[in-house]
Amino acid sequence: MAQVAILGAGMVGICTALALQERGHDCVVFDRRPPGSETSYGNAGIIQAEAVEPYALPANPLVMLRMALGWKNAVALHWPSLPRQLPALYSYWRSSSGSPLGKVVPVWHRLILEAVPRHNALIKAAGAGDLIRTRGYWEVHATGAGLAAALLDAERRKRRYGIDFEAADSGMLARAEPSLRAALPGAIHWTAPWSCVAPGELVTAYADLFRMRGGRIVQADAAPLAQSGRGWRVGGEAVEHAVVALGPWSPELLKGLGYRVPMVRKRGYHLHYGCDDGPSRPMLLADHSVVLSPMRAGLRIATAAELSAGAAPAAYPGQLARGEVAARALFRFGKAVEDSAWSGTRPCLPGMLPLVCKAPRHSGLWFHFGHGHQGFTLGPVTAERLARAFDGDMGAVEGLDGGLS
């Protein structure tokens with residue numbers, strides 16, 4: 001049995017602790033905030049079983065320029081902070097097509113296939129079934145041409161990966177969602193994903209399971225990580241091993257140990273609105289790059305990506321404002337229930353795969369971060385693989401070392 005400190009109490013960190021604990025290791029989690037309070041709290045709440053290909057950048061520079069100028073509300077740029085991200089963004093773009101992408105997709109696909117089964121086991125063990133809905137989500141398009149193109153791509157994914165979906169025409173969608181105020185051409189119903197009505201609470205339930213099984217969670221700053229003899233010292237405690245699972249804060253911590261990990265930081269926002277008559281399941285408005293998710297706290301409108309590393313978050317960003325306008329054209333809902341939008345940062349690595357590996361130059365140190373948009377989905381999957389590698393099965397994390405040396 002090894003003593004292991006996990007730095008970070010988000011979905012990735014808590015699942016790491018559970019996976020190592022299940023294999024008999026003595027684990028303690030450190031975080032300055034309670035479990036599930038950061039990026040794991042602020043997402044659309046979808047366990048994305050259909051996301052069998054990673055979020056790649058467009059190969060065409062003109063399409064990227066359109067996105068940068070606000071096309072489909074997909075990207076917002078904070079120009080003063082952009083130069084700091086350009087090297088990582090360029091590497092991300094180079095990884096997004098051709099041979100590099102061809103190597104990434106099979107690995108990513110295998111990870112996604114494990115997501116729902118891994119979550120299902122933890123949900124049952126944690127008694128968190130009341131937080132989960134298993135009816136998939138809608139992908140809606142404002143035009144017939146947009147829907148037709150999306151259906152062609154859905155068919156491609158079904159042929160290649162076996163991912164099921166259902167095509168709904170305008171009438172079928174209206175019957176399934178009687179609260180819709182406007183006629184839409186139809187939708188894709190992705191049937192395999194699950195959704196969560198309170199993402200932060202799901203992480204808390206997993207954390208409670210970890211505690212119930214004998215684990216400890218210490219609310220303390222995890223950043224001061226230092227070697228101590230043959231082990232590590234963190235949060236005032238000495239341990240044999242440490243796992244860095246701090247999401248977007250991981251590269252900064254690792255600088256002190258001589259590692260340079262490039263990262264694209266994508267900020268996302270959400271806001272809850274009072275709503276008694278919204279969609280029955282999450283709904284992606286593809287032409288506006290927002291997701292409407294029915295949550296316990298209200299109707300959550302969640303945005304796409306803002307590239308604003310180091311900049312202060314906006315109280316009510318333009319992406320969210322535009323998303324709210326689009327949402328109000330479809331559903332009746334009330335005022336925001338919070339004074340300002342929640343903001344969190346997604347840790348996106350240029351190679352698009354998470355970093356799940358043993359540190360190449362330090363004994364007893366492991367990396368587990370960089371899940372981009374899919375930390376909530378993939379946390380239990382990569383945690384189980386890290387735990388297997390920790391016990392000697394290095395094949396479990398093959399391809400997930402990011403080329404570190």
**Asked** side chain to side chain donor-acceptor pair (under 3.5 Å) between Arg267 and His78: does it pass, once the steps are laid out?
**Response** CA-CA 11 Å; Arg267 178 173 288 149; His78 181 261; over 6 Å; no
**Message:** If the threshold is 4.0 Å, N to carboxylate O, is there a salt bridge linking Arg110 and Glu398?
**Reply:** no
**Request:** For atom CG of Asp276, decide whether the heavy atoms of other residues, nucleotides or ligands shown that lie under 6.0 angstrom number more than 12.
**Result:** no
**Request:** Quick one: pull up NE2 in His119 and CG in Leu202 and give me the separation to the nearest 0.5 Å.
**Result:** 7.0 Å
**Message:** Once you measure the plane-to-plane angle for His373 and Tyr55, does it fall in the parallel (<30°), tilted (30-60°) or perpendicular (>60°) bin?
**Reply:** tilted
**Asked** When you look at CH2 of Trp249, are more than 12 heavy atoms from neighbouring residues, nucleotides or ligands closer to it than 6.0 Å?
**Response** yes
**Message:** I need the Leu378 CG to Trp108 CH2 distance, nearest 0.5 Å.
**Reply:** 5.0 Å
**Message:** Can you tell whether the side chains of Lys255 and Glu252 come within less than 4.0 Å, N to carboxylate O?
**Reply:** yes
**Over 12 non-hydrogen atoms of neighbours within 6.0 angstrom of CD in Glu22** = no
**Request:** Could you walk me through whether Ile188 and Leu284 pass side-chain contact (heavy atoms from CB on, under 4.5 Å), step by step?
**Result:** CA-CA 10 Å; Ile188 296 171; Leu284 166 64; over 6 Å; no
**Message:** Counting only heavy atoms from other residues, nucleotides and ligands, does the tally under 6.0 Å from NZ of Lys72 exceed 12?
**Reply:** yes
**Request:** Evaluate the side chain to side chain donor-acceptor pair (under 3.5 Å) criterion for residues Asp277 and Ser179: first the C-alpha distance (whole Å), next the side-chain angles of each, then the deciding distance (0.1 Å), finally the verdict.
**Result:** CA-CA 6 Å; Asp277 209 16; Ser179 298; 2.6 Å; yes
**Message:** Can you see whether Tyr41 has Arg300 sitting over its ring - NZ or CZ less than 6.0 Å from the centre and within 45° of the normal?
**Reply:** yes
**Asked** Counting heavy atoms not belonging to Arg332, are there more than 12 under 6.0 Å from its CZ?
**Response** no
**Request:** Answer yes or no: is there an ion pair linking Arg157 with Glu50, defined by an N-O contact shorter than 4.0 Å?
**Result:** no
**Message:** With no hydrogens and no angle check, just 3.5 Å: does a side-chain donor-acceptor pair link His109 and Arg160?
**Reply:** no
